[in-house]
Amino acid sequence: MKNKYNSKAVFLGIIILCVAFFYFQSGNVEKNAVNETSFALQVIEQDSFWIYEVYNDDNLFIRQEYIPAVKGQQGFTSKADAEKIGNLVMRKLIENKMPVVSIKDLDANAIHFKRI
């Protein structure tokens, strides 16, 4: 009788290990897909403002010199702001979404700009 319970416990343990293995493998595949993207971001200082460029397979895909969605030609005042929005645009491209940036996106990322 004791042997019967031991074999069930071993079988249950193997099942749990298999499920855990496949769970963690699927997570690694998703992370690798994001890491192996063909998009790359570069943030550059230009005329005391910051711009971002998104490259697709080493080809310039987007060059954003001004803060998108705001009135006027306002540049990013910090590297961090340009990088946040550049990463947002890249994430949208990776997810096959339109790389549109809204005022809500700017507010959610605490981007500094003048409201005109």
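None of these values were measured; they are calculated from a predicted model.
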**Q** Report the residues that fulfil side-chain contact (heavy atoms from CB on, under 4.5 Å) with Glu95, sequence neighbours left out, ordered by chain and then residue number.
**A**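 side-chain contact (heavy atoms from CB on, under 4.5 Å) check on Glu95 returns Arg91, Lys97.
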
**Q** Hydrophobic side-chain clustering at under 4.5 Å (ILVMFWY, transitive links): who's grouped with Ile116? Put none if nobody.
**A**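 None, because no other hydrophobic side chain comes under 4.5 Å of this residue.
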
**Q** Would you say the side chain of Lys84 lies within less than 4.5 Å of the side chain of Leu88, judging by non-hydrogen atoms?
**A**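 With C-beta onward as the side chain, the pair stays apart.
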
**Q** Test side-chain contact (heavy atoms from CB on, under 4.5 Å) on Leu93 and Ile62; report intermediate values, then the result.
**A** CA-CA 11 Å; Leu93 289 168; Ile62 296 174; 4.1 Å; yes

**Q** For residues 46-53, dump all side-chain donor-acceptor pairs below 3.5 Å to protein atoms at least two apart in sequence or in another chain.
**A**
unit_1, atom_1, unit_2, atom_2, d
Gln46, OE1, Arg63, NH2, 2.8
Glu53, OE1, Tyr55, OH, 2.6
Glu53, OE2, Arg63, NH1, 2.3

**Q** Identify all side-chain donor-acceptor contacts of residues 99-111 below 3.5 Å with residues at least two apart in sequence or on another chain.
**A**
unit_1, atom_1, unit_2, atom_2, d
Ser102, OG, Lys104, N, 3.4
Ser102, OG, Asp105, N, 3.2
Ser102, OG, Asp105, OD2, 3.3
Asp105, OD2, Lys92, NZ, 3.2
Asp105, OD2, Ser102, N, 3.1
Asp107, OD1, Arg115, NH2, 2.5
Asp107, OD2, Arg115, NH2, 3.3
Asn109, ND2, Asp105, O, 2.8

**Q** Side-chain contact test, heavy atoms from C-beta onward, threshold under 4.5 Å: evaluate it for Ile67 versus Ile85 and give yes or no.
**A**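 The answer is no, as the side chains (C-beta and beyond) never meet within the 4.5 Å cut-off.
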
**Q** For a quick test of reading the model, state the closest non-hydrogen atom pair linking Tyr66 to Phe76 and the distance between them.
**A**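 Closest pair (atom of Tyr66, atom of Phe76, distance): O-CE1, 4.0 Å.
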
**Q** Tell me whether Ile44 is reachable from Leu41 by hopping between hydrophobic residues (I, L, V, M, F, W, Y) whose side-chain heavy atoms are closer than 4.5 Å.
**A**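 No; Ile44 is not reachable from Leu41 via cluster members.
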
**Q** My understanding is that only residues two or more places apart in sequence, or in another chain, count here; which of them pass salt bridge (Lys or Arg N to Asp or Glu O under 4.0 Å) with Glu45?
**A**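 Counting only residues at least two positions away or on another chain, Glu45 forms no salt bridge (Lys or Arg N to Asp or Glu O under 4.0 Å).
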
